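Worth saying up front: this structure is predicted, and the values here are computed from it rather than measured. Throughout, residue positions are numbered sequentially from 1 according to the sequence presented.
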Amino acid sequence: MTKLNFSAIGLDEKADALLARQLKIVTPWLTAEWSMNAEPEASDFILTTSKSLLPSSFQGVSVLLLEKLSDDDHDMVAELPLRVFSLMDILNKAGERITNDLSAIPEVSAENIVTASEKTTEKISFSCAEWLSQRMLEKVACSYIAKDKGASFSFDPVKKVFRSNIESRDELIKLLLMHPVEHWDIRADDETLEAYEFSATGLLWLLALKESRYALHVWGSPNRVYRIKHWPQLAAWENVPALYKLSSLYGRKAATIDTGVKISGLEERHVCAFLHACNVVGLKVEVCDSETADRLQPSVQSLNILQALKKKLGV
């Protein structure tokens with residue numbers, strides 16, 4: 001069962017205490033494992049009496065609590081005082097929406113990621129995202145065409161863009177993952193086949209996020225702690241609430257994969273994929289040995305995204 005947390009903003013102490021008791025009552029009928037969180041910025045879901053009270057950094061799901069509902073109000077509005085069955089319904093709807101957000105981190109099966117020579121082994125030793133990132137670092141423009149002559153793509157390391165005759169970025173990423181390096185021929189001619197242009201960093205970020213099996217193999221050490229030196233541009237690359245939590249965690253101080261799992265609610269392989277994606281796009285992931293792991297672990301309760309953003313911005 002997915003672990004999620006929520007906060008309530010704008011309620012008095014009596015209403016907060018009642019909400020905690022109601023949560024205990026409805027817990028057996030919830031589709032996710034919910035807990036209350038005193039820090040709204042680090043919550044998956046917020047109940048609020050006013051949209052203006054929501055933290056500016058909050059990217060999750062919220063429900064507006066009103067004393068009187070109208071016929072025009074949508075399903076993410078609830079009436080005060082909040083009843084037990086209303087809370088159960090709200091949390092289950094919120095859990096469904098959040099779960100759908102998490103599933104937006106795309107996944108491709110290991111069968112589609114590995115090259116032909118790797119299909120006889122369990123470990124995945126090839127990353128298409130790393131391969132393309134290395135080609136970009138070489139700062140040499142290059143064009144590729146599929147052996148079946150259907151799809152083609154090229155990259156411009158100066159302008160930092162990919163071009164393709166595939167209109168959809170998601171479809172291009174799917175093709176890159178499904179076909180190994182040897183499926184693509186370097187195109188020697190100067191004919192321009194690519195009509196569609198995509199940000200190189202954004203494409204590599206999404207591509208790396210999909211390589212969770214590879215990432216688990218490379219980054220899934222329980223005896224290491226990780227820290228990112230620069231924050232990913234999630235608003236432009238992949239706007240998933242759980243990734244904001246991982247950015248706050250690993251951008252603030254070094255932490256283990258297990259801590260990332262607890263904070264984000266994602267599976268271990270997806271936390272590893274986040275670090276893998278950060279590394280691929282050049283965000284400088286620092287790796288520390290096991291001797292410093294326990295000393296560097298932050299308290300889950302102390303993680304506050306707004307505070308982390310303020311510190312990052314120097315305010």
Revision key, fill the gap. Smallest heavy-atom separation, Val285 atom then Asn279 atom, equals CG2-N, 3.8 Å
Point to revise | For Ile166 against Ala151, the heavy-atom pair lying closest together | key: CD1-CB, 4.1 Å
Review point. Roughly how far, to the nearest 0.5 Å, is CH2 of Trp34 from CG of Leu87?
Key: 9.5 Å
Check your understanding: How long is the span from the CG atom in Leu216 to the CD atom in Glu268, to the nearest 0.5 Å?
Key -> 5.0 Å
Check your understanding: After noting the C-alpha distance and the side-chain angles of Lys160 and Phe155, does the key distance pass the side chain to side chain contact (heavy atoms under 4.5 Å, CB included) rule?
Key -> CA-CA 7 Å; Lys160 296 183 178 180; Phe155 52 79; over 6 Å; no
Review point. Can you name the nearest heavy-atom pair linking His276 to Ala129, along with the distance?
Key: NE2-CB, 4.4 Å
Review point. Are any of the side-chain heavy atoms of Leu54 and Ile46 separated by less than 4.5 Å?
Key: yes
Check your understanding: Going by atom types alone, do Lys174 and Ser168 pair a side-chain donor with an acceptor below 3.5 Å?
Key -> no
Check your understanding: Regarding Thr31 and Asn92, is there a side-chain donor-to-acceptor distance under 3.5 Å anywhere?
Key -> yes
Check your understanding: For Pro232 and Ser247, which heavy atoms make the closest approach, and how far apart are they?
Key -> CG-OG, 3.3 Å
Check your understanding: Which value, rounded to the nearest 0.5 Å, describes the distance between Arg227 atom CZ and Lys229 atom NZ?
Key -> 5.5 Å
Practice item. Could you go through the side chain to side chain contact (heavy atoms under 4.5 Å, CB included) check for Arg224 and Thr256 one step at a time? Key: CA-CA 6 Å; Arg224 290 180 179 175; Thr256 62; over 6 Å; no
**Study point:** Nearest-0.5 Å distance that lies between atom CZ in Arg252 and atom CD1 in Ile228
**Key:** 13.5 Å
Review point. Is there a side chain to side chain contact (heavy atoms under 4.5 Å, CB included) between Val261 and Glu267 once you walk through the steps?
Key: CA-CA 6 Å; Val261 170; Glu267 295 179 22; over 6 Å; no
**Study point:** Leu177 reachable from Leu175 in the ILVMFWY side-chain graph, under 4.5 Å edges
**Key:** yes
Practice item. Compute the centroid of each ring, for Phe274 and then for Trp219, and state whether the two points are separated by less than 6.0 Å. Key: no
Check your understanding: Looking at Lys93 and Glu96, does any basic side-chain N land under 4.0 Å from a carboxylate oxygen?
Key -> no
Review point. Hey, are the side chains of Asp156 and Phe162 touching, using non-hydrogen atoms and a 4.5 Å cut-off?
Key: no
**Study point:** Residues Leu47, Ser62; criterion side chain to side chain contact (heavy atoms under 4.5 Å, CB included); working and verdict
**Key:** CA-CA 6 Å; Leu47 293 166; Ser62 65; over 6 Å; no
Check your understanding: Once you round to the nearest 0.5 Å, how far does CG of Leu209 lie from SG of Cys272?
Key -> 12.0 Å
Exercise for review: With the side chain counted from C-beta on, respond yes when Tyr196 and Arg169 share a heavy-atom pair under 4.5 Å apart, and no when they do not.
Suggested key: no
Check your understanding: Do the side-chain N and O atoms of Ser199 and Thr201 include a donor-acceptor pair separated by under 3.5 angstrom?
Key -> no
**Study point:** Contact check, side chains of Thr49 and Leu80, non-hydrogen atoms, under 4.5 Å
**Key:** yes
Review point. Which heavy atom of Pro55 sits nearest a heavy atom of Pro40, and at what distance?
Key: CG-CB, 4.0 Å
**Study point:** Ser221 side chain near Tyr226 side chain, heavy-atom distance below 4.5 Å
**Key:** yes
Practice item. Please confirm whether the backbone N or O of Leu4 pairs with a side-chain atom of Asp44, one donor and one acceptor, at under 3.5 Å? Key: no
Review point. So, for Leu176 and Cys128, which heavy atoms are closest and what is the spacing to 0.1 Å?
Key: O-SG, 3.6 Å
Point to revise | Residue pair Gln134 / Glu138, side-chain heavy-atom distance below 4.5 Å | key: yes
Check your understanding: When rounded to the nearest 0.5 angstrom, what is the spacing between CD1 in Ile9 and CG in Leu65?
Key -> 10.0 Å
Please output the side-chain donor-acceptor pairs of residues 11-25 that fall under 3.5 Å, not counting sequence neighbours, one pair per line with the distance.
unit_1	atom_1	unit_2	atom_2	d
Asp12	OD1	Lys14	N	3.3
Asp12	OD1	Ala15	N	2.7
Gln22	NE2	Leu82	O	2.9

Revision key, fill the gap. Residues 195-208 vs salt bridge (Lys or Arg N to Asp or Glu O under 4.0 Å), sequence neighbours excluded, gives Arg163-Glu197
Check your understanding: Can you check whether Leu207 reaches Leu132 side chain to side chain, under 4.5 Å on heavy atoms?
Key -> yes
Check your understanding: Can the ring centroids of Phe153 and Tyr144 be said to lie less than 6.0 angstrom from one another?
Key -> yes
Exercise for review: Please check if the side chain of Ser133 supplies one atom and the backbone of Val280 the other of a donor-acceptor pair under 3.5 Å.
Suggested key: yes
Practice item. Please examine the side chains of Val84 and Trp29, heavy atoms only from C-beta on, and report whether any two atoms are closer than 4.5 Å. Key: no
